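Input: a single structure, listed below in structure tokens.
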There are 2 protein chains.
Amino acid sequence: MAVTLKDVAERAGVSRSAVSRTFTEGASVSAKTRKKVEKAARELNYSPSFIARSLATSRTKLIGLIANNFQNPVFLEVFDLFTQSLQERGLRPLLVNMTNQNDAEESVQMLKQYSVDGVILASSTMPPEFPQAFMGAGVPVVHAFGRYSPTPDVHVVGIDNIHCGALAAQTLSDHGYKKLGFLGGPQAATSTQDRENGFTSKAAQLGFLDVEVRYARAYAYDAGYNAMTDLLAENKVDAIFCADDLICMGAIDAAREHGVSIPEEMGFIGFNDMAMARWRAYSITTIRQPLTDIILGSVELVVSLLEQPDRAPEARLLPCKVIERDTLRSRPS
Amino acid sequence: MAVTLKDVAERAGVSRSAVSRTFTEGASVSAKTRKKVEKAARELNYSPSFIARSLATSRTKLIGLIANNFQNPVFLEVFDLFTQSLQERGLRPLLVNMTNQNDAEESVQMLKQYSVDGVILASSTMPPEFPQAFMGAGVPVVHAFGRYSPTPDVHVVGIDNIHCGALAAQTLSDHGYKKLGFLGGPQAATSTQDRENGFTSKAAQLGFLDVEVRYARAYAYDAGYNAMTDLLAENKVDAIFCADDLICMGAIDAAREHGVSIPEEMGFIGFNDMAMARWRAYSITTIRQPLTDIILGSVELVVSLLEQPDRAPEARLLPCKVIERDTLRSRPS
DNA sequence: AATATCTTTGCAACCGGTTGCAATAATAAA
DNA sequence: TTTATTATTGCAACCGGTTGCAAAGATATT
């Protein structure tokens, strides 16, 4: 059924090795043989089997792409960028959905069985032992959107969430708000912890006495809506840093239903700059995370790890910036 | 480095075949040997190589998951469901991003090289020759969200878009609107064509004289916003069927900016019932597509095709229903 | 106890490539 | 032209499993 090396070799009147070599980068074949082989291959519509090649070379060109967040639309953008840039490099993403996985072991096992060449973890909300588990499998691992550490034990490409929190505090302050609040995602998420820390300490430094801190149950619209509804009843804040745009949209809708005007009575700054942040109904001022750079960086890193698997883990941080739209009143002059 | 069959066999004091058999479904091994082998395997932390197994059995358990739409958030839900249900069956999704691909051949080639067991195309906006190309590769293909045909040449699991269009017309009529409009996605998309047909013919049947038909340049917010802005200037309609919720949100925002009140002055019905349709800022009345059923159906179908690859192509249609929210005024009594 | 039947086991070939090594061919140097 | 050097080629072993087949072992039948 399938046409193999052997068929091509016979047709071209050469040995199997010759055929193999014409399909291998930088192998030694004369122009003449190459010609013959290519002709035969074309006529038979032959294409080499990656499976067989993988077995022989123990390189599969498969990259495990592991995610546990299929709710937040930014991840669609993330998948788009990952798949495209992997494809461009001749690599293939084997997608793993860890949403309902309380145990990383199973996924690790599975990736080992497929002998993926490398693994990219795409998530900030991941129990710290997960990266470890993948790390332990002896496969190059890059944790995209991972937490910064000066001495990471796994390669990380991401952002400085603490600095982002500070950026948010500074921005709210600049725009003349007086009573700041933080609305995080799940308290267990390191991204929320870091953004909160950065936010509250910068706020303190800027002279804000106390900052109201709340958590949404998830990085999700409803969670933001509910948390904000509670917060509104207490009338404690006039500006909020939401740790995610989705949360921010929920919060904004809650505020509007409560009759508060945005940005005059209450200011909002979000996080991510997802596509929807631009929608007219929201037009959120938000902190943009350099998605493309993070992803290209992760892919590049994993590719270079294929060559030198033992490079010491590094953390690569990329800068975020504030995108000003319409949920903050204009700066006082 | 990696521990193989041979290592386990030696340690357990049995033949390689014995080890292979204890790891193969329904092979004949005595309880005693199985015990020994499992012990040895555990001690060595052995797990069989899928690559080697694939080579021997010519079954990879890899399913090509092909998509060309990474802009519409519903697809995140689609990926979530696909990956989960494939995983549950011990299959693995090899994700292919055809966004920038004008030629299917390359992807077909690639999937052939990885010898995927089957392929799922997840898209409605796909040139008809693509399914053909994948079909031609001699691999089971299921076209999820594909177009209905009584005599399909590739397996299809999807919805009856013509009927959905009719449903929309009926609904707008029921709610007392008089001047109907259709706002589609790209005119080349079969899903738009079918929804339009169903909509206009049902409208005609219900006595609507002429229906305004427009197309957004893409299934996207901005496209909907722009198309609606144009349409509003002409003041021709009082109710619109948008062929996608994203388009609908753009259109709604355009209408609001134009000062028209929803649902009194203008009614909207969307399509998909994506998560955002529920957001308070929109709360769109929309036609729900049974995503979960389509996906489970597609996976089931592809699985059954693994057993009987030559089953005649069938088209499986699943019912949609209207989800009433707040973008249509209440029915006249 | 001897024979028939059913399981379990190991051997060895095979899946479709890659690659080190030695033999051969082509080219350069003397 | 002969010899030294380099480039190409084929052989055969290997990657890590699976599986048909025949031999050996267990169990059932008479």
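In this text the structure is predicted, and so the values were computed from the model without any measurement. Residue numbers begin at 1 in each chain, while the letters A, B, ... track the order of the sequences.
Side-chain atoms of A:S123 and A:N68 form a donor-acceptor pair, as typed in the model, at a separation below 3.5 Å.
Annotation: A:E43, atom CD; neighbour count of heavy atoms from other residues, nucleotides and ligands within 6.0 Å is above 12.
The outermost nucleotides of DNA chain D lying under 4.0 Å from heavy atoms of chain A, listed 5' to 3', are D:dT8 to D:dG16.
A distance of 11.0 Å separates CZ of B:R147 from CG of B:D160, quoted to the nearest 0.5 Å. Here A:L306 contributes atom CG and A:R89 contributes atom CZ; the two are 10.5 Å apart, rounded to the nearest 0.5 Å. One finds the CD atom of B:Q113 at 8.5 Å from the OG atom of A:S49 (value rounded to the nearest 0.5 Å).
The stretch residues 39-60 of chain B comes close to DNA chain C through B:L55, B:A56, each having a heavy atom under 4.0 Å from the strand. Near DNA chain D, meaning a heavy atom under 4.0 Å from it, residues 19-32 of chain A has A:R21, A:S28, A:V29, A:S30 in order of number.
In this structure, the side chain of B:S54 engages the main chain of B:F50 through a donor-acceptor pair within 3.5 Å. Side-chain N or O atoms of A:N72 include none that pairs as donor or acceptor with a backbone N or O of A:F75 at under 3.5 Å.
Under the 4.5 Å side-chain criterion, counting only non-hydrogen atoms from C-beta, B:D117 is not in contact with B:L62.
Between A:R311 and A:Q308, the closest heavy-atom pair is CD-OE1, 2.9 Å.
Counting non-hydrogen atoms under 4.0 angstrom, A:S17 reaches a base of the nucleic acid.
Classification of the A:F70-A:F79 ring pair by plane angle, with boundaries at 30° and 60°, yields tilted.
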